[in-house]
Amino acid sequence: MSWWWAGAIGAAKQQSENGDAFRVHRSVALVIGVTGIVGNSLAEILPLSDTPGGPWKVYGVARRPRPNWNLDHPVEYIQCDISNTADTQAKLSKLTDVTHIFYVTWALRFTEAENIEANNLMFRNVLQAVIPNAP
Ligand SMILES: NC(=O)c1ccc[n+]([C@@H]2O[C@H](COP(=O)([O-])OP(=O)(O)OC[C@H]3O[C@@H](n4cnc5c(N)ncnc54)[C@H](OP(=O)(O)O)[C@@H]3O)[C@@H](O)[C@H]2O)c1
């Protein structure tokens, strides 16, 4: 058992013993790029009870279907392409409890001008879908 999973189980047990298993999370993360190097680490660490502000509720976004190796993470997985404005609006504007966005994704194009255009659109799509409905 990995150290983080042992911690997650311990946190859940402690919550249950304290009778607050169904409490509302104070910190709610939206991790954009949850299957990436940085995003996957966040998905492991944020739900732990000893993480600052935690345990966090975590939504995770990526384009691919949820991979098997990600199934153990206590994450609400959302398959969404944030470069697609309609897809982003449809899936992320439903979220009404996000307190923090962890934007850990990027797009690589052929020129710096294309990089700026693509990354600008992705970031704008997320903010326009999430911020109006955030607490
Ligand atoms: N890796 C590092 O050591 C490191 C260090 C410091 C800073 N950073 C920065 O952190 C950011 C992420 O880096 P990383 O190395 O973690 O990247 P990565 O491993 O390439 O992961 C990118 C993530 O974004 C998702 N993604 C890509 N395009 C998407 C789209 N259009 N819609 C939704 N999800 C999309 C990918 O999943 P899908 O392909 O399934 O969509 C994946 O989950 C970058 O800005 C990088 O510069 C990285």
Side-chain angles (χ1 to χ4, degrees):
M1 189 183 301
S2 69
W3 64 269
W4 65 267
W5 189 240
I9 291 170
K13 195 160 165 256
Q14 193 179 0
Q15 272 190 20
S16 172
E17 282 163 2
N18 293 342
D20 60 352
F22 300 105
R23 75 188 177 87
V24 174
H25 288 263
R26 202 161 39 92
S27 307
V28 180
L30 175 63
V31 179
I32 306 289
V34 73
T35 57
I37 296 170
V38 179
N40 187 52
S41 296
L42 286 168
E44 287 182 359
I45 291 166
L46 289 173
L48 302 180
S49 61
D50 55 352
T51 297
W56 292 61
K57 174 180 176 181
V58 180
Y59 296 104
V61 172
R63 291 168 297 185
R64 76 194 75 180
R66 188 169 191 172
N68 288 337
W69 47 262
N70 177 281
L71 290 176
D72 280 350
H73 300 172
V75 166
E76 293 192 31
Y77 192 90
I78 301 169
Q79 188 180 355
C80 174
D81 181 354
I82 63 162
S83 67
N84 180 316
T85 304
D87 195 33
T88 310
Q89 267 298 327
K91 291 170 181 166
L92 301 192
S93 66
K94 293 176 183 160
L95 308 180
T96 57
D97 55 353
V98 174
T99 59
H100 296 72
I101 298 173
F102 293 81
Y103 191 86
V104 285
T105 187
W106 61 303
L108 181 63
R109 300 288 185 259
F110 289 108
T111 67
E112 195 52 23
E114 289 174 301
N115 283 338
I116 291 167
E117 189 181 352
N119 285 280
N120 186 317
L121 175 66
M122 289 161 64
F123 191 51
R124 201 154 17 92
N125 283 343
V126 171
L127 295 184
Q128 286 178 346
V130 177
I131 297 300
N133 306 302

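This one's a predicted model, so the numbers in the text were calculated from it and none came from an experiment. We count ligands from 1, going down the list as the structure has it; atoms in each ligand are counted the same way.
When hydrogens are left out, the protein atom nearest atom 37 (O) of ligand 1 is Thr35 OG1, 3.1 Å; that is the closest non-hydrogen contact. The protein heavy-atom contact nearest to atom 38 (P) of ligand 1 is Arg64 NH2, 3.5 Å. Atom 39 (O) of ligand 1 has its closest protein heavy atom at Arg63 NH2, 2.9 Å. In this structure, the protein non-hydrogen atom closest to atom 26 (N) of ligand 1 is Thr105 OG1, 3.1 Å. Of the protein's non-hydrogen atoms, Asp81 OD1, 2.9 Å is the one closest to atom 31 (N) of ligand 1. When only non-hydrogen protein atoms are considered, atom 4 (C) of ligand 1 lies nearest to Val38 CG2, 3.9 Å. Closest protein heavy atom to atom 17 (O) of ligand 1: Trp106 NE1, 3.3 Å. Nearest non-hydrogen protein atom to atom 3 (O) of ligand 1 is Ile37 CG2, 4.8 Å.
Under the 4.0 Å distance rule, the nearest protein heavy atom to atom 44 (C) of ligand 1 falls inside the cut-off. By the definition of a contact as any protein heavy atom under 4.0 Å away, atom 35 (C) of ligand 1 is in contact. For atom 6 (C) of ligand 1, no protein heavy-atom neighbour is found at a distance under 4.0 Å. For atom 11 (C) of ligand 1, a protein non-hydrogen atom is found at a distance below 4.0 Å.
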*Could you please spell out the steps behind the side-chain contact (heavy atoms from CB on, under 4.5 Å) verdict for Leu127 and Tyr103?*
CA-CA 10 Å; Leu127 295 184; Tyr103 191 86; over 6 Å; no
> Under the side-chain contact (heavy atoms from CB on, under 4.5 Å) criterion, do Gln128 and Gln89 qualify, and how do the steps go?
Replying inline: CA-CA 8 Å; Gln128 286 178 346; Gln89 267 298 327; 4.3 Å; yes
Exercise for review: Kindly indicate, with the supporting measurements, whether the criterion side-chain contact (heavy atoms from CB on, under 4.5 Å) is fulfilled by Ile32 and Phe123.
Suggested key: CA-CA 10 Å; Ile32 306 289; Phe123 191 51; over 6 Å; no
- Query: Given Leu95 and Ile78, is the side-chain contact (heavy atoms from CB on, under 4.5 Å) satisfied, shown in steps?
  - Reply: CA-CA 11 Å; Leu95 308 180; Ile78 301 169; 4.0 Å; yes
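The Val34 neighbourhood of ligand 1 comprises atoms 43 (O), with distances under 4.0 Å to a heavy atom of that residue.
A pairwise comparison of heavy atoms in Val98 and Ala134 identifies O-CB, 3.7 Å as the closest pair.
Looking at Asn40 against ligand 1, nothing comes within 4.0 Å, counting heavy atoms.
Taking CD1 of Ile116 as the start and OG1 of Thr111 as the end, the distance is 8.5 Å to the nearest 0.5 Å. Taken to the nearest 0.5 Å, the OG1 atom of Thr88 stands 9.0 Å off from the CE atom of Met122. Lys57 contributes atom NZ, which lies 15.0 Å from atom NE2 of His100 (distance to the nearest 0.5 angstrom).
Heavy-atom separations between Ala107 and ligand 1 are all 4.0 Å or longer.
Considering backbone and side-chain atoms alike, Gly36 places an N or O below 3.5 Å from some N or O of ligand 1. For ligand 1, none of its N or O atoms has an N or O atom of Met122 under 3.5 Å away. The distance criterion of under 3.5 Å between nitrogen or oxygen atoms is met by Ile82 with respect to ligand 1. Annotation: Gly39 places no N or O atom under 3.5 Å from an N or O atom of ligand 1; distance criterion only.
Follow the hydrophobic side-chain contacts under 4.5 Å out from Leu92 and you reach Val28 in the same cluster. Cluster annotation: Val31 is not connected to Ile101 through the hydrophobic network of ILVMFWY side chains, with a link wherever side-chain heavy atoms come within less than 4.5 Å.
Counted by atom type alone, Asn115 and Glu112 present one or more donor-acceptor pairs between their side chains at under 3.5 Å. Side chains of Thr96 and Asn133: no donor on one and acceptor on the other come within 3.5 Å.
The heavy atom nearest to atom 33 (C) of ligand 1, considering only Pro67, Ala43, Cys80, Gly33, is found in Cys80.
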